[in-house]
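To find a chain, count down the sequence lines: A is the first, B the second, and so on, and within it residues start at 1.
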There are 2 protein chains.
Amino acid sequence: MHQEDTGPLIGLPWSGEERPRSIADRLARAVAQRIVRGELEAGALLTEAEVAAAHGVSRTPAREAMLQLEGWGLVSIAPKKGASVTVPTARERRELLDLRSMLETHEVRRVADDAAARAALACRLREVLARQREELGDPAAFAMQDYAFHAAIMHHGGSRAVEEIAGVFGPRLVRLTNLAVASSAGRLQTFVDEHAALAEAVEAGDVVRFEALIDPHMASGHRGYEVAQ
Amino acid sequence: MHQEDTGPLIGLPWSGEERPRSIADRLARAVAQRIVRGELEAGALLTEAEVAAAHGVSRTPAREAMLQLEGWGLVSIAPKKGASVTVPTARERRELLDLRSMLETHEVRRVADDAAARAALACRLREVLARQREELGDPAAFAMQDYAFHAAIMHHGGSRAVEEIAGVFGPRLVRLTNLAVASSAGRLQTFVDEHAALAEAVEAGDVVRFEALIDPHMASGHRGYEVAQ
DNA sequence: GCATGCATCTATGTATACATCATGAGGCTA
DNA sequence: TAGCCTCATGATGTATACATAGATGCATGC
């Protein structure tokens with residue numbers, strides 16, 4: 001009926017109502033989650049045989065899963081050598097957050113002249129915000145709602161192209177968000193407050209204020225953890 | 001030494017110096033080119049066995065190639081049913097062109113305050129423009145240089161995230177550009193003129209003018225051919 | 001002691017065989 | 001004749017076997 005739970009999570013291959021369509025799909029989602037949660041550390045080597053054996057299947061779907069993971073930027077495949085979990089770099093963090101900010105600002109600008117659309121988006125953001133407040137005690141769940149907040153803005157226009165972008169960059173953004181949340185245990189309330197301010201700017205249709213808020217929000221949230229150069 | 005020919009074509013899997021790393025890669029590029037050039041018409045059914053047989057290889061790399069083609073949005077795979085060449089829709093056209101305009105505008109805004117960067121970008125654009133003028137008689141080559149012009153703007157910042165986006169959307173953008181050029185045989189000089197105007201706006205660092213020029217450029221160029229709803 | 005070349009090993013890349021599911025033709029029944 | 005059931009067919013999804021290229025370690029020669 002109402003798909004309020006799948007909506008905000010646009011871009012994430014897992015945690016969707018639709019069940020995996022194949023073993024390869026299931027493997028890719030499972031490994032992606034482990035990488036994003038940090039259970040598989042950056043730089044770790046993955047072999048098709050290991051992944052296959054760990055799930056009791058053959059190498060064929062495992063190989064497909066590796067290709068999918070490469071598409072999500074979570075592993076790097078060196079031909080004839082092997083695959084390794086990618087290491088988040090300062091550059092990747094900057095570029096991905098910039099890109100997301102650009103997409104969000106673009107959407108806010110698009111709805112700025114339409115009071116009804118602004119209200120609809122703001123309403124949706126407050127829903128996500130409420131869920132985020134409930135998860136202050138669960139870092140992983142909190143990070144998920146944090147991602148959902150930004151995804152809700154990006155995806156509000158319903159563009160399938162944006163949805164595709166989220167499908168490509170979503171997993172890496174969640175990984176970064178998990179890192180940010182894990183290193184800011186005591187400042188999660190700040191994240192919520194900043195989100196609330198962003199929602200207000202959206203509701204007011206104040207693009208300039210939104211732009212002024214979004215960059216510091218990214219900068220402050222993603223400053224407390226170390227990544228490779 | 002100077003990679004002036006690979007640079008502007010960022011985002012396209014084929015026509016790169018780097019040769020294919022596997023049979024699967026070679027198949028994906030070959031089929032992608034046939035789709036983009038219109039040799040494989042929209043809606044056509046593709047089977048792994050056909051693709052494999054056409055190139056004298058087994059189904060395994062053919063299957064990988066199909067997955068890659070799906071990632072590029074050139075084919076749509078229905079589980080257990082088959083794959084078909086995607087049909088360009090008015091919505092896809094609008095969304096892809098909007099996205100590219102956004103990325104270009106973002107880059108122009110980024111270099112607006114840096115005279116040296118503006119000059120460098122403008123210089124590069126004029127290089128591509130010169131090549132485009134030489135190809136007025138060859139629609140396919142002209143379309144390639146048209147894409148290269150926009151790619152040069154998008155990618156000027158050197159963002160790998162943008163590069164990834166181009167890698168995903170590039171093939172579909174080239175397909176649209178081919179359609180636009182094919183249906184505007186007598187108006188190609190107009191395209192060149194509009195590109196020249198865009199290059200001037202870039203050199204002047206005039207973001208407002210660039211924004212005012214880019215949307216009509218997209219609209220006029222991509223009006224003359226029909227796509228599905 | 002150190003560099004070089006070879007053997008071996010591991011993991012990927014590809015080929016082939018089998019399993020599963022969607023589709024459609026054909027016949028049966030009411 | 002309309003509707004449904006069955007089965008043949010063809011395609012994908014998966015498993016397994018073989019081919020090939022990097023990597024590692026050791027022996028050999030200097």
Geometric class of the B/His150/B/His217 ring pair [parallel <30°, tilted 30-60°, perpendicular >60°]: parallel
Carboxylate-amine/guanidinium proximity below 4.0 Å for A/Arg110 and A/Glu107: yes
For A/Ser101 against A/Asp215, the heavy-atom pair lying closest together: OG-OD1, 4.1 Å
Close N/O contacts between protein and nucleotides 10-13 of chain D (under 3.5 Å):
from   : atom 1 : to      : atom 2 : distance (Å)
D/dT12 : OP1    : B/Glu48 : N      : 3.1
D/dT12 : OP2    : B/Glu48 : N      : 3.4
D/dT12 : O3'    : B/Lys80 : N      : 3.2
D/dT12 : O2     : B/Lys80 : NZ     : 3.2
D/dG13 : OP1    : B/Lys80 : N      : 3.4
D/dG13 : OP2    : B/Arg63 : NH1    : 2.4
D/dG13 : OP2    : B/Arg63 : NH2    : 2.9
D/dG13 : N7     : B/Arg59 : NH2    : 3.0
D/dG13 : O6     : B/Arg59 : NH1    : 3.1

Closest contact, heavy atoms only, A/Leu176 versus A/Pro88: CD2-CB, 4.3 Å
B/Glu104/B/Arg100 ion pair, N-O < 4.0 Å: yes
Whether B/His195 and B/Phe149 hold their rings parallel, tilted or perpendicular, with breakpoints at 30° and 60°: parallel
Start and end of chain B contact along DNA chain C [non-hydrogen atoms, under 4.0 Å]: C/dT14 to C/dT23
Interatomic distance, A/Arg160 atom CZ to A/His155 atom NE2 [nearest 0.5 angstrom]: 9.0 Å
